[in-house]
Colleague: 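Take a look at this one; I'll ask things after.
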Amino acid sequence: MCLFCKIINKEIPSEIILEDDDFMAFHDINPKAPVHILAIPKSHVDSFSEVSSSMMADMTIFIQNVAKEMDIEKSGYRVITNIGDNGGQEVKHLHFHVLGGAKLAWTHLSDSNPKVFL
Ligand code: 5GP
Ligand code: ZN
């Protein structure tokens, strides 16, 4: 069983902020922003590459509710999903990083030399 399936099963503790029958959201253990939540489906999906359009439709509403719950909807936030090795995905269970609570850096992407891929 993967790490996030164990978190869903409560075999590994987490700080849950929102949960329904299909999805769960909890604080990232190593936050990269004042608000850093992971939103995941309860049924195991390896990554964004495998997710169905119907699950994504419900996931979208769930992520919107995470932003409301964390009170970052108005101030703004960022949603990221890493996919596979080049995408930097460490946990092979689909998850969306929901980041906010401060002005997030974008410089390494917006100002970087387009020939240099960091
Ligand atoms: P990835 O690199 O796969 O996109 O993101 C995995 C995320 O899971 C990382 O941000 C990491 O800090 C977080 N993480 C890894 N292990 C745990 C854990 O046991 N509990 C929680 N809450 N987050 C974890
Ligand atoms: Zn899993």
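These numbers come from a predicted model, not from an experiment. Residue indices begin at 1 and follow the sequence shown. Order of appearance sets the numbers: ligands from 1, and atoms from 1 within every ligand.
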Colleague: Should H27 be counted as touching ligand 1, given the test is an N or O pair under 3.5 Å?
Modeller: yes
Colleague: Closer than 4.0 Å to some heavy atom of F4 - which atoms of ligand 1 meet that?
Modeller: 8 (O)
Colleague: With a 6.0 Å cut-off (strictly less than), is the heavy-atom count around CG of N9, excluding the residue itself, greater than 12?
Modeller: yes
Colleague: Report yes or no: does H93 contribute a side-chain atom to a donor-acceptor pair with the main-chain N or O of P41 at less than 3.5 Å?
Modeller: yes
Colleague: For atom 5 (O) of ligand 1, which protein heavy atom lies nearest, and how many Å away is it?
Modeller: H95 NE2, 3.0 Å
Colleague: Just let me know how N30 lines up against ligand 1, side chain, backbone, both or neither, with a heavy-atom cut-off below 4.0 Å.
Modeller: both
Colleague: Begin from the C-alpha positions of W106 and R78 and carry the test side-chain contact (heavy atoms from CB on, under 4.5 Å) through to its verdict.
Modeller: CA-CA 11 Å; W106 185 247; R78 189 171 294 161; 3.5 Å; yes
Colleague: Is G88 in contact with ligand 1, taking contact as a heavy-atom separation below 4.0 Å?
Modeller: yes
Colleague: Quick check on H97 - does any of its heavy atoms sit under 4.0 Å from an atom of ligand 1?
Modeller: yes
Colleague: Could you establish whether K32 and ligand 1 come within less than 4.0 Å of each other, counting only heavy atoms on the residue side?
Modeller: no
Colleague: Vertex the Zn ion (ligand 2): angle to SG of C2 and ND1 of H93, to 10°?
Modeller: 100°
Colleague: Would you check whether E90 has a nitrogen or oxygen atom less than 3.5 angstrom from a nitrogen or oxygen atom of ligand 1?
Modeller: yes
Colleague: Give, for atom CD1 of I63 and atom CD1 of I37, the distance between the pair rounded to the nearest 0.5 Å.
Modeller: 12.0 Å
Colleague: Atom 12 (O) of ligand 1: which protein heavy atom is closest, and how many Å away?
Modeller: D28 OD1, 2.5 Å
Colleague: Return yes when atom CG of D20 has more than 12 non-hydrogen atoms of other residues, nucleotides or ligands closer than 6.0 Å, and no otherwise.
Modeller: yes
Colleague: Do me a favour and list the nearest non-hydrogen protein atom to atom 15 (C) of ligand 1 with residue, atom name and distance?
Modeller: L3 CD2, 4.0 Å
Colleague: Answer yes or no: is there a donor N or O on one side and an acceptor on the other, between the side chain of Q89 and the main chain of D46, under 3.5 Å?
Modeller: yes
Colleague: What orientation do F48 and F96 show, parallel under 30°, tilted 30 to 60°, or perpendicular over 60°?
Modeller: perpendicular
Colleague: Considering just N/O/S atoms, say which atom of H44 is closest to the Zn ion (ligand 2).
Modeller: ND1
Colleague: Is F62 reachable from I16 through a run of hydrophobic residues whose side-chain heavy atoms are each under 4.5 Å from the next?
Modeller: no
Colleague: Nearest protein heavy atom to atom 17 (C) of ligand 1, by residue and atom, and its distance?
Modeller: I29 CG2, 3.7 Å
Colleague: Is the contact between F96 and ligand 1 made by the side chain, the backbone, both, or neither, using heavy atoms and a 4.0 Å cut-off?
Modeller: neither
Colleague: So does H95 get a backbone contact from the side chain of T81, meaning a donor-acceptor N/O pair under 3.5 Å?
Modeller: yes
Colleague: Using heavy atoms and a 4.0 Å limit, tell me yes or no: is I80 in contact with ligand 1?
Modeller: no
Colleague: Check each atom of ligand 1 against the heavy atoms of L38 and keep those under 4.0 Å away; list them by number with element.
Modeller: 8 (O), 13 (C), 23 (N)
Colleague: Ligand 1 and V91, any nitrogen or oxygen pair closer than 3.5 angstrom?
Modeller: yes
Colleague: Identify the two heavy atoms, one from M24 and one from I8, that lie closest to each other, and give their separation to 0.1 Å.
Modeller: SD-CA, 3.9 Å
Colleague: Check whether any side-chain heavy atom of E11 sits under 4.5 Å from a side-chain heavy atom of M1, and report yes or no.
Modeller: yes
